[in-house]
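These notes concern the structure reproduced below.
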Amino acid sequence: MATRGPTTMDAGAVRRRNLSAVLELVHLRRGVTRADLTRALGLNRSTIGDLVAVLAEHGWVDERDDAPRAGVGRPSPRVVPRDARLVAAINPEVDVIDVALVSLGGAIVARRRVPLSETPTVAATVEISARTIAELAAEHPESTVVAAGVAVPGLVRTEDGLVRLAPRLGWREEPLAAPLAAALGIPVAAANDAHLGSRAEQSFGAGQGARTMLYLNGGPSGIGGGLVVDGQPMDGVAGYAGELGHASVDPNGPLCACGAVGCLEALVPRSALAAAVRLEHPDDDALESALLTAIVAEEAGGPVHEEVARQLRWLAIALRGAVNLLNPERVVLGGHLAALWRAADRDQRASLLGQALPVNAADATIEVAALGGQRLLIGAAELAWDGLLADPLSAGDATASTINPTRGS
Ligand SMILES: [Zn+2]
């Protein structure tokens with residue numbers, strides 16, 4: 001077969017790439033002026049004008065003349081996301097299935113948490129998700145749901161959305177994306193929940209603009225992580241990278257659920273922090289607020305201070321390895337690790353990266369995850385948008401009603 005030289009990339013491919021770049025920027029910045037697009041993408045004004053017109057014609061964006069006037073002349077029109085297309089985001093947990101519709105720009109436009117009386121099977125998850133998405137879609141008849149993403153509390157093969165292991169849900173080697181796509185009639189992708197939390201923070205939260213980022217999330221089932229390298233999520237060859245929860249921090253430590261000893265998540269459990277403030281299964285906000293109250297009320301050296309100090313010491317050891325490996329610009333902490341950071345005093349905060357090589361930690365700042373309880377759903381939506389943003393004209397007609405999921409009901 002004849003091959004093309006690298007210099008003859010066809011005009012269609014160039015146009016596809018440029019449309020994708022414009023739409024990606026409109027998405028990530030939740031609206032941007034034409035002048036900003038021209039500057040950011042290095043394309044001339046008329047090319048930007050053409051690309052925006054094509055995206056508007058295909059129902060992706062609107063143009064508004066509401067940008068503030070900068071200097072003389074007419075203000076540059078603002079290109080904003082249109083809500084004609086939405087994606088569905090799903091996060092199954094032991095006691096709830098959390099479902100949302102998310103617009104371009106990462107805004108949740110509808111959300112429903114479906115409480116469960118027992119841990120869901122994959123079949124139940126598919127059935128409940130499809131029904132709930134259909135209900136939410138029916139409440140938004142002006143929009144079409146075009147794809148879905150699932151944040152799974154476990155290890156997921158991203159290539160085909162096979163759940164290798166989700167210990168808390170009791171799922172092992174279970175196909176998830178395929179049956180859900182069959183029920184919904186739209187493309188579905190699935191990935192690890194911490195990876196998607198990391199993506200959400202990178203796109204719209206505390207990781208915005210960071211080229212190299214380490215994200216660590218502390219949840220009821222342990223500590224998950226996500227990496228961003230050179231501005232891109234780094235998932236590893238099959239989707240399992242970033243498991244810093246199983247970094248060895250104490251060779252003589254307790255047995256971890258993974259079978260090894262002395263893992264970070266075995267030594268820094270959310271449950272111990274909750275027990276110190278006498279709460280059972282608190283959500284992130286309740287845990288953080290109880291912890292901050294207790295730290296102020298309790299004398300130094302009391303049990304809450306001790307537990308916070310103990311967990312921070314182990315976290316610093318894990319961060320030593322990760323920061324030396326990655327040389328990150330930002331470390332983002334979520335869940336109970338964010339609560340731990342907020343409860344730490346100035347010296348403890350300084351010591352968190354204090355064991356890493358000074359040069360490796362020199363440019364790193366520690367931030368608390370900014371998207372709160374929305375981050376997994378927004379991250380799942382990012383996954384769903386991926387294919388569409390890469391090739392905006394591949395999406396069907398935004399006004400077609402046939403791709404609204406109804407078959408699951
Ligand atoms: Zn482990």
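Read the numbers this way: they start at 1 and go in the same order the structure lists the ligands and their atoms. Note that these values count all heavy atoms, side chains included, but never hydrogens, waters or copies made by symmetry. From a predicted model like this one, the values you see are computed outputs, not experimental measurements.
The shortest side-chain heavy-atom distance between Glu298 and His305 falls under the 4.5 Å cut-off.
The Zn ion (ligand 1) has His246 ND1, Cys256 SG, Cys258 SG, Cys263 SG as protein N, O or S atoms under 2.8 Å away.
Ring centroid separation for the pair His27 and Phe204 comes in under the 6.0 Å cut-off.
Only one option out of Met213, Glu201, Arg199 pairs with Val228 in a side chain to side chain contact (heavy atoms under 4.5 Å, CB included); it is Met213.
For the ring pair (Phe, Tyr, Trp, His ring centres under 6.0 Å) condition, no pair includes a residue of residues 159-183, sequence neighbours left out.
A donor-acceptor pair shorter than 3.5 Å cannot be found between the side chains of Thr212 and Glu329.
Judged by distance alone, the side chain of Asn327 and the main-chain N or O of Asn360 form a donor-acceptor pair under 3.5 Å.
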